[in-house]
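Take a look at the structure set out below.
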Amino acid sequence: MDISETDGACTAGAGARQCMLMICWAVAFLLGSMTGPVGATVHGLVAKYGLSLTSAGLILLMMGAGRLITAAGSGWISDILGRRPVMAVGCVVIAAGAVTYALSGWWWLSLGSMLAIGLGVGLLDVAANAAVADLSDENRQSDISRLQAWFGVGSVVAPVDTAVCISSGLGWEPIYLAAGLGCFALLLPLALCPVKEQHPSLDQPQQAPVSGVLPDAEKKSLRAALQSQAFVVLIAVSFLYGGLSRTVLAWTNTYLAGMDVSPLASMYPIILYNVGIAIGRFSSGSVIRWSYRGVFIVGSIGAMISTVGSVVSDDVVLTALSLALAGLAHAALFPTAVAWGSELLPDYIGTSTGLLSMAVAAGSMVIPWLTGAVSDIVGLRLGILSVGIVSAAAMVLSVLLAGVRQSGAEHSDERALGA
C-alpha cells in the first residue's frame, strides 16, 4: 500500500501508515539517545579540557543554534517536498555530527560537531512530528505524545548505557558513536518504506505552490494565525520548555558531581526524569484528557515545584524524585503545543511545527548557557534554582495572562485549544 502525501497530508493503508510511524518512533528514540546523556558529556568535557561552566555551556548553545537554524526552514520545505527527504538529510547530518563528536579530541571540533548534531535534530524532529500529525486519524495530541514518548525511552536507555560505559572506563563516547550509526542505518527503511509523495502544484489551491509564493488571501490567513494570541503562547511555552528541559539534562550531572557520588548514581536522577517524560507522554491524551491550556498551567507549575525540590538539599534521593516529577510536568508541554499549532494551521503543519521546534531550540540554547554563566557567579545550585524558577514562572504567567485577555473575537482559538 502507498501513503499518498500532498503538502504533508497523508492518506495511508494500515501497513504503510505503520511503517512510517515506526520510522518516526525510531527517529525519536535516537534523538533521545543523543539528548539524554548530554549532561554526562558536558561534565566529561569540563574534566577533559579544564573548562569553566560558562565555556562548557557552549556545547548546549551550539546544539540549540544548530536546531534553530534548521527548524523553521525544514518545516516549510517539508510542506513542499514531503517529510521523507527532510528526514533523510537529517539522518546524514546528525550521523556525521554524532560520530565526529564521539571521536573528537579537540575542543573546537567538539563544538562544531555538536552544531552538526543540532542541525540534524532540527531536521529530524520537525519532519517526524509533522509526519505523525499528518498520519493522525483520531487524537492528534495522543499520537504526537506517543512519538515524543519514544524520545523519552531513548533518553532513559542512553543514560543507563552511558553510566555503564563510564563505570567500565569506556567513557560516554560509545553512546554517541552508536546513536550516529543508528541514524545512518535509518536511511535504508526510509528508502524502502512504501511512501508515494506528490509535490504541490498550482492546480491545488489549498496547498503552497512549489515557488513558495502564496495568494494574498492565504498570506493574510497564515499571518493572522501566526500573530494570534494562541500561537504567541505556543512559542513562549515551547521556548521555556526547551530551556528548562535542557537545563535539567545539561547541569544535573555536574551538580551531583559536587556531592561526590559515583557516575552511575549521578545518572539516576536523569534516568528518572526521562522515565517521567516517557510515562507522561504515553499517558497524555489517552489517560489524561485536560484542555490544552490546563496542560500548560499544570506542567509549568509542576516544573517550578520540581526545580526547587531538585536543588534545595544535598539528598540525592530527593533530587531524583524531584526530577521524576519534572519529567511528568514537562512531558505533555511540547506535544500539546505541536497538536494545538497543527489545528491553528491545518494547511501548514510543517511550518507550524518548525516554528515551535525553533522556539524549543532557542530556549535550549539560551537558558542552559545563562544557567552556566549565572552559576559561575553564584554557584551551580543557586544558578539552577534562580533561572529555573524564573523560567517556569514566566511560563505560568504567559498562559494565565493570555487567558485573562481572551476576547470574544478569539473564542475560535479557545475552541482549538480544547478548553
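In what follows, residues are counted from 1 in the order of the sequence shown.
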Partners passing side chain to side chain contact (heavy atoms under 4.5 Å, CB included) against [X] (at least two apart in sequence or in another chain):
X      : value
Ala324 : Leu272
Ile297 : Arg293, Ile301, Val399, Leu400
Ser238 : Phe334, Ala337, Leu356, Ala359, Val360
Ser342 : Arg140, Ile349

Among residues at least two apart in sequence or on other chains, which ones pass side chain to side chain donor-acceptor pair (under 3.5 Å) with [X]?
X      : result
Ser375 : none
Tyr176 : none
Ser352 : none
Ser386 : none

Quick check for you: to the nearest 0.5 Å, what is the distance between [X] atom [atom1] and [Y] atom [atom2]?
X      : Y      : atom1 : atom2 : value
Arg281 : Ile144 : CZ    : CD1   : 11.5 Å
Ser113 : Leu119 : OG    : CG    : 11.5 Å
Tyr49  : Ser110 : OH    : OG    : 4.0 Å
Leu190 : Cys19  : CG    : SG    : 8.5 Å
Asp376 : Thr371 : CG    : OG1   : 11.5 Å

Is [X] reaching over with its side chain to a backbone N or O of [Y], donor-acceptor style, under 3.5 angstrom?
X      : Y      : value
Thr353 : Gly350 : no
Arg84  : Cys193 : yes
Ser33  : Phe29  : yes
Thr336 : Leu333 : no
Tyr241 : Ser300 : no

Taking the side chain as every heavy atom from C-beta outward, state whether [X] and [Y] have any pair of such atoms under 4.5 Å apart.
X      : Y      : value
Leu344 : Leu234 : yes
Ile94  : Leu31  : yes
Ser155 : Ile277 : no
Ile23  : Met87  : yes
Pro189 : Met22  : no
Val153 : Trp25  : no
Ser357 : Asn129 : no
Phe239 : Ile367 : yes

- request: Using only heavy-atom distances, determine whether the side chains of Arg83 and Ser78 contain a donor-acceptor pair under 3.5 Å.
  value: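 On atom types as modelled, these side chains qualify, holding a pair under 3.5 Å.
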
query: Is the ring centre of Tyr101 less than 6.0 Å from the ring centre of Trp172?
result: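 Ring centres of Trp172 and Tyr101 closer than 6.0 Å.
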
Write down the atom of [X], the atom of [Y], and the distance for their closest heavy-atom approach.
X      : Y      : answer
Thr70  : Gly118 : OG1-O, 4.1 Å
Ala158 : Ile175 : CB-CG2, 4.1 Å
Ile117 : Gly97  : CG1-C, 3.6 Å
Val27  : Ala128 : CG1-CB, 4.2 Å
Ala26  : Leu186 : CB-CD2, 3.9 Å
Gly120 : Val93  : N-CG1, 3.8 Å

message: Filter on side-chain hydrogen bond (donor to acceptor under 3.5 Å, both in side chains), then keep only pairs touching residues 320-331, sequence neighbours left out; what's left?
response: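 Counting only pairs at least two positions apart or across chains, the side-chain hydrogen bond (donor to acceptor under 3.5 Å, both in side chains) contacts touching residues 320-331 are Tyr273-His330.
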
message: Show every salt bridge (Lys or Arg N to Asp or Glu O under 4.0 Å) that has at least one partner inside residues 113-132, sequence neighbours left out.
response: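 Counting only pairs at least two positions apart or across chains, the salt bridge (Lys or Arg N to Asp or Glu O under 4.0 Å) contacts touching residues 113-132 are Arg67-Asp125.
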
query: What pairs with Phe184 under ring-ring contact (aromatic ring centres under 6.0 Å, His included), at least two apart in sequence or on another chain?
result: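 Result, ring-ring contact (aromatic ring centres under 6.0 Å, His included) vs Phe184: none returned.
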
query: Given the rule in the side-chain contact (heavy atoms from CB on, under 4.5 Å) test, do Met395 and Leu244 qualify, once you have shown the distances and angles that lead to the verdict?
result: CA-CA 10 Å; Met395 190 186 299; Leu244 286 168; 3.9 Å; yes

query: Checking side-chain contact (heavy atoms from CB on, under 4.5 Å) for the pair Thr100/Leu109: CA distance, chi angles, key distance, verdict?
result: CA-CA 8 Å; Thr100 303; Leu109 184 58; 4.0 Å; yes

